[in-house]
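Structure first, then comments.
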Amino acid sequence: MTEPYDAVDVIRAQRDRTGVDPDALRWMVDAYTREYVTDAQMAAFAMAVLLNGMDRDEVRVLTDAMIASGERMSFAGLGKRTVDKHSTGGVGDKITLPLAPLVAAFGVAVPQLSGRGLGHTGGTLDKLESIPGWRAALSNDEMLAQLRGIGAVICAAGSGLAPADKRLYALRDVTGTVEAVPLIASSIMSKKIAEGTESLVLDVKVGSGAFMHDLEKARELARTMVALGADSGVATTALITDMDTPLGLAIGNANEVRESVEVLAGGGPADVVELTATLAREMLALAGQPDADVETALRDGRAMDVWRAMIRAQDGDPDAPLPTPRETHTVTAATAGIVTRIDAWDFGVAAWRLGAGRARPRDPVVHAAGIDLHVKPGDAVTAGQPVFTLAADDASRIPRALAALEGGWAIGDTAAASRGIVIERITA
Ligand code: URA
């Protein structure tokens, strides 16, 4: 078959900003998925996108082409409103775990196709796999049945969903092109639009532990994704939220499940509760329930009931003990004072080095590994008080984790005023 376009022309047009022909861009993505366009050519194109950006129409064409590379799911026959949430990734971000059952407790279907962690950010599936027996892989039929009966599903995205993104994401990871706003936006939104959700709430993280370190870039990403949702008929709202400090007190896998269950039992750290409740309200507003009392559903056990049913439906035992670590190491305060900083990036890297994350896609994670914080910025400590505890299966991992934490936390006289968890809300 003769190919209708030439990858070099597409790369040159993107490099020189002379405008990429939409059909040529669609062809480029399709030909890359077919392995006609090579990794080297796609990497050059991705770098040109990173350096030059794309306009709204170009990002939409790129996103549509990634959707067209695979299957499109539909929940139209479900008889329920559907709403999903996506976070751009952070440290200690277990919000999906309490959020999906909480929103489903209001009769809304939450199809949550999640991923695994790579690098310093954790993955929702890795966390849930700490629960004995729990199964991430579901067929489309199993997913639909669970949405119909229980309302919430957290499972792995099938390989048929946006396969172009899978190849491109792996390539970006090794070519320094992850951070391009058009590429992040099209990567996330192609999967969410192909998944078939009616509406979507985006949690765009900003701070040291996020892809976006400055607010202006986070805004640009949020606006681009909200526009892509609107263009595809998916009602989309974005919240820009803080990721300078890890969310909650637990960073890891099993400990994050434990903390999520505390939230579902009506307790848990204030920041996790606040973000869970805020995102739930946004999701329920998009699903036609703007006045839903989400705090009560956390306190009275309705969300917990959905959680237990959701875990059982995927062969997990919600009552089984979670894995515990073989080795722990607690760091204490040398002096009395106020905790001024717990840096999300440094603690994410340390948890990863302890075994909570993976260095290569197929590596296993150590479910009991991670970090438990005992204090948060703004808390007062006395000399000798525990600040955090590292957990691992192998003591040799502790020194490298401690090295990552040098300069990553501080005790001083006064803490700077916090900017709060939710920084901004962006709508179409
Ligand atoms: N998450 C994704 O799915 N894709 C990106 O590019 C970044 C975060």
Side-chain angles (χ1 to χ4, degrees), residues 29 32-33 42-43 45-50 53-54 58-60 62-67 69-70 73 84-91 93 95-96 111-127 136 154-195 197 200-214 217-229 232 234 236 238-241 243 344-345 348 352 357-358 361:
V29 174
Y32 181 57
T33 313
M42 201 53 164
F45 179 75
M47 186 56 83
V49 172
L50 183 131
M54 278 183 149
E58 288 168 331
V59 185
R60 189 175 46 74
L62 178 63
T63 308
D64 287 346
M66 305 229 280
I67 296 169
S69 72
M73 297 179 69
D84 194 2
K85 184 264 325 190
H86 183 86
S87 156
T88 56
V91 178
D93 186 0
I95 300 294
T96 295
Q112 182 74 70
L113 298 181
S114 298
R116 295 181 191 283
L118 188 62
H120 77 288
T121 61
T124 298
L125 302 180
D126 295 326
K127 301 181 208 294
I154 305 175
C155 65
S159 57
L161 213 67
D165 175 62
K166 284 206 177 59
R167 284 202 74 199
L168 182 54
Y169 190 84
L171 183 70
R172 286 165 55 210
D173 206 26
V174 293
T175 55
T177 51
V178 167
E179 294 87 351
V181 167
L183 299 181
I184 298 177
S186 57
S187 165
I188 291 174
M189 293 305 286
S190 62
K191 287 173 285 198
K192 293 290 151 185
I193 296 165
E195 164 201 288
T197 187
L200 176 66
V201 175
L202 296 162
D203 181 0
V204 178
K205 301 283 186 205
V206 62
S208 75
F211 282 125
M212 298 293 137
H213 292 188
D214 69 88
K217 273 275 178 228
R219 268 190 203 120
E220 187 191 338
L221 177 62
R223 287 192 188 119
T224 307
M225 292 196 288
V226 166
L228 282 172
S232 296
V234 178
T236 306
L239 298 183
I240 298 180
T241 71
M243 192 29 73
W345 167 261
W352 173 40
R358 50 171 69 76

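Order of listing sets the numbers, starting from 1, for every ligand and every atom in it.
Using a 4.5 Å cut-off on side-chain heavy atoms (C-beta onward), Met66 and Leu168 make contact. Met225 is not listed as a side-chain neighbour of Thr236, based on a closest heavy-atom distance of 4.5 Å or more.
Among all protein heavy atoms, the one lying closest to atom 3 (O) of ligand 1 is Lys191 NZ, 2.5 Å. At the top of the distance list for atom 1 (N) of ligand 1, counting protein heavy atoms only, stands Ile188 CG1, 3.7 Å.
Among all heavy-atom pairs drawn from Pro163 and Gly70, the shortest one is CD-CA, 3.4 Å.
Annotation for ligand 1: atoms under 4.0 Å from non-hydrogen atoms of Ser187 are 2 (C), 3 (O), 4 (N), 5 (C), 6 (O). Taking every non-hydrogen atom of Phe211 and a distance limit under 4.0 Å, the qualifying atoms of ligand 1 come out as 7 (C), 8 (C).
Considering only non-hydrogen atoms, atom 6 (O) of ligand 1 lies nearest to Arg172 out of His86, Glu179, Arg172.
Atom CE of Met189 sits about 8.0 Å away from atom OG1 of Thr63, to the nearest 0.5 Å.
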Inset, instruction - Start with the C-alpha distance between Asp93 and Ser87, add both sets of side-chain angles, then the distance that settles side chain to side chain donor-acceptor pair (under 3.5 Å), and finish with yes or no. - result: CA-CA 8 Å; Asp93 186 0; Ser87 156; 2.7 Å; yes
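Looking at ligand 1, you won't find any N or O of Tyr169 less than 3.5 Å from one of its N or O atoms.
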